[in-house]
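None of these values were measured; they are calculated from a predicted model. The basis for the numbers below is simple: all heavy atoms, side chains too, and nothing from hydrogens, waters or symmetry mates.
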Amino acid sequence: SKKVDVGELMTTKVKSTMENGRILVFVRLRPVAKKEREAGSRCCVRIVNKRDVYLTEFANENDYLRLKRLRGRHFTFDASFPDSTTQQEVYSKTTAGLVEAVLQGRNGSIFCYGATGAGKTYTMLGTMDNPGVMVLAIKDLFSKIQQRSFDENHTVHLSYLEVYNETVRDLLSPGRPLVLREDKQGIVAAGLTQYRAYSAEEVMALLQQGNLNRTTEPTRANETSSRSHAILQVVVEYQVKGASGNVVNRVGKLSLVDLAGSERAIATDQRTLRSLEGANINRSLLALSSCINALVEGKKHIPYRNSKLTQLLKDSLGGACNTVMIANISPSSLSFGETQNTLYWADRAKEIRTKACDANEETQIPDSETDQAKLLLELQKENR
Ligand code: ADP
Ligand code: MG
């Protein structure tokens with residue numbers, strides 16, 4: 001029998017939704033960590049059909065026994081990645097379409113969102129043995145350029161920067177904070193290193209080194225700050241012959257963002273947002289929530305100016321940019337609250353659509369209440 005290639009279908013789906021200018025939202029579940037297992041935590045998340053996410057709460061098992069009712073929620077995303085998903089699969093389903101767009105001279109952006117320890121940096125940067133989306137994107141980019149007959153016409157430049165406590169720093173050449181300026185192309189960090197890359201091989205080491213330059217919080221020795229956002233921008237420029245024989249310059253920009261830990265900074269409505277504003281939490285992340293809320297509500301004014309991160313992402317969030325989000329979650333019941341918040345936020349982000357999306361469904365999903373209850377029950381049983 002003919003096997004259906006879900007990857008192939010998703011890529012088609014990604015392409016068609018990109019063309020409709022809507023945000024794609026994915027969820028990635030990471031494997032249980034040793035620490036979590038040793039602490040006796042249980043799994044509270046299940047992913048079905050690479051799309052549906054079931055979350056159950058175990059903290060209230062007594063309630064469950066008393067009320068004979070399951071407490072849980074069901075979410076659905078463009079795709080949801082179980083803990084066995086490879087880096088390559090995550091790349092091809094989430095980002096390959098963006099790389100295509102960038103090679104057509106358009107902009108694209110992808111960001112990872114979630115609590116500290118949920119797997120954002122693993123997804124974006126990865127390890128030497130298991131490179132993540134940033135590296136795989138650049139690899140794919142170079143191999144696609146090589147396939148073009150006019151490949152020698154292309155230049156690729158990389159910049160890698162950090163936003164920490166509303167200060168912008170160059171991760172490729174650490175030094176004084178950078179100032180943001182508005183120019184013809186939008187908002188740019190003045191003096192930011194534009195590294196000309198000739199091959200994908202040199203990039204992993206460069207990015208690993210850049211990642212080491214991220215700010216470390218004094219209280220968290222040896223740990224990259226959970227409050228620092230890292231943004232990698234890849235700019236591809238090339239010339240093509242126009243219809244009348246003249247040479248046309250094309251520029252495409254891909255932004256890959258490893259966001260700060262979302263714990264303590266989640267707000268899916270204006271009231272929560274306001275109550276959080278006074279607290280000493282990540283201003284850029286709050287501003288991002290504000291912008292997303294405003295975009296979802298179709299507001300005319302989107303408050304990009306409120307933070308460095310949102311200024312830098314201005315052309316990547318609204319407008320004609322192709323945007324992808326990956327919400328990273330832990331399977332452990334110890335992170336139940338954070339996982340729930342991340343899923344609510346991701347669910348909200350799905351609503352940012354400028355046009356209706358093409359229907360291109362891939363697999364049958366269980367959607368009746370009995371099916372959902374059955375799955376939740378199974379998950380509960382497995383964890384007893
Ligand atoms: P974050 O950047 O969200 O704080 P990390 O990416 O640093 O989280 O992940 C926390 C730990 O879990 C790291 O040791 C990382 O290697 C591991 N990890 C995260 N996601 C995965 C995954 N999909 N597969 C294997 N290990 C993972
Ligand atoms: Mg990280």
Next on the checklist: Quick one, Lys50 with Glu89, criterion salt bridge (Lys or Arg N to Asp or Glu O under 4.0 Å). Give me CA distance, side-chain angles, the key distance, then yes/no.
Outcome noted: CA-CA 12 Å; Lys50 300 201 174 185; Glu89 194 177 349; 2.8 Å; yes
Checklist entry - Should Leu158 and Leu206 be marked as a side chain to side chain contact (heavy atoms under 4.5 Å, CB included) after you check the CA-CA gap, both sets of side-chain angles, and the distance that decides it? => result CA-CA 10 Å; Leu158 307 179; Leu206 187 79; 4.0 Å; yes
Next on the checklist: Ile110 vs Val257, test: side chain to side chain contact (heavy atoms under 4.5 Å, CB included). Steps then yes/no.
Outcome noted: CA-CA 6 Å; Ile110 169 155; Val257 188; over 6 Å; no
Checklist entry - Taking it one step at a time, do Tyr198 and Glu202 satisfy side chain to side chain contact (heavy atoms under 4.5 Å, CB included)? => result CA-CA 8 Å; Tyr198 291 89; Glu202 58 186 317; 3.9 Å; yes
Next on the checklist: Test side chain to side chain contact (heavy atoms under 4.5 Å, CB included) on Val45 and Val53; report intermediate values, then the result.
Outcome noted: CA-CA 7 Å; Val45 185; Val53 181; 3.7 Å; yes
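Between Arg305 and Glu182 there is a salt bridge, with a side-chain nitrogen of the basic residue lying less than 4.0 Å from a carboxylate oxygen of the acidic one.
In the hydrophobic cluster analysis, where Ile, Leu, Val, Met, Phe, Trp and Tyr join through side-chain heavy atoms closer than 4.5 angstrom, Leu180 is grouped together with Leu285. Val235 and Leu192 end up in different hydrophobic clusters when Ile, Leu, Val, Met, Phe, Trp and Tyr side chains are linked at under 4.5 Å. Cluster annotation: Tyr195 and Met124 are assigned to the same hydrophobic cluster (Ile/Leu/Val/Met/Phe/Trp/Tyr, side-chain heavy-atom contacts under 4.5 Å, transitive). Ile145 and Val135 end up in the same hydrophobic cluster when Ile, Leu, Val, Met, Phe, Trp and Tyr side chains are linked at under 4.5 Å. Grouping the Ile, Leu, Val, Met, Phe, Trp and Tyr side chains by contacts below 4.5 angstrom, directly or via other members, places Tyr122 apart from Ile47.
Only one option out of Ser335, Ser332, Pro331 pairs with Ser41 in a side-chain contact (heavy atoms from CB on, under 4.5 Å); it is Ser332. Ile326 pairs in a side-chain contact (heavy atoms from CB on, under 4.5 Å) with only one of the listed residues (Val90, Leu24, Val25), which is Val90. Each of Ile138, Val99, Val102 was compared with Val234 under the side-chain contact (heavy atoms from CB on, under 4.5 Å) criterion, and only Ile138 meets it. A side-chain contact (heavy atoms from CB on, under 4.5 Å) with Phe111 is found for one member of Val324, Asp258, Leu259, Leu256 and no other, namely Leu259.
Side-chain contact of Asn246 with Ser244: a donor-acceptor pair under 3.5 Å is present, judged by distance alone. Side-chain atoms of Asp52 and His74 include a donor-acceptor pair closer than 3.5 Å. Of the N and O atoms on the side chains of Arg42 and Ser333, not one donor lies less than 3.5 Å from an acceptor on the other residue. Donor-acceptor pairing under 3.5 Å is lacking for the side chains of Ser80 and Arg51. Donor-acceptor pairing under 3.5 Å is recorded for the side chains of Thr215 and Glu162. Remark: the Gln209 side chain and the Tyr160 side chain contain no N/O donor-acceptor pair separated by less than 3.5 Å. Residues Asn328 and Thr342 bring no donor and acceptor atom of their side chains to less than 3.5 Å of each other.
In terms of heavy atoms, Gln233 sits closest to Ser255 at NE2-OG, 2.9 Å. The minimum heavy-atom distance between Ile187 and Lys314, with the atom names listed, is CD1-CD, 4.4 Å. Scanning both residues, Arg28 and Thr85, for their nearest heavy atoms gives NH2-O, 3.2 Å. When all heavy atoms are compared, the tightest approach of Ala349 to Met325 is CB-SD, 3.7 Å. Scanning all heavy atoms of the two residues, the minimum distance from Ala294 to Pro303 falls at CB-CD, 3.9 Å. Residue Ala118 comes nearest to Arg30 through the heavy atom pair O-CG, 3.7 Å, listed as atom of the first residue, atom of the second, then distance.
Although no hydrogens or angles enter the test, the distance criterion places no donor-acceptor pair under 3.5 Å between the side chain of His154 and the main chain of Tyr238. Side chain of Arg169 to backbone of Asn213: no donor-acceptor contact under 3.5 angstrom is found. A distance-only check finds a donor-acceptor pair linking the side chain of Asp170 to the backbone of Thr193 [under 3.5 Å]. In this structure, the side chain of Asn249 does not engage the main chain of Gln239 through any donor-acceptor pair within 3.5 Å.
In this structure, Lys350 forms a cation-pi arrangement with Phe77, its terminal cationic atom sitting closer than 6.0 Å to the ring centre and no more than 45° off the ring axis.
Using the six-membered ring where Trp is involved, Phe75 and Tyr344 have ring planes that are perpendicular, over 60° apart on the 30 and 60° scheme.
More than 12 heavy atoms of other residues, nucleotides or ligands sit less than 6.0 Å from atom NZ of Lys144. Under a cut-off of 6.0 angstrom, the local environment of CZ in Arg196 is crowded, with over 12 non-hydrogen atoms contributed by other residues, nucleotides or ligands.
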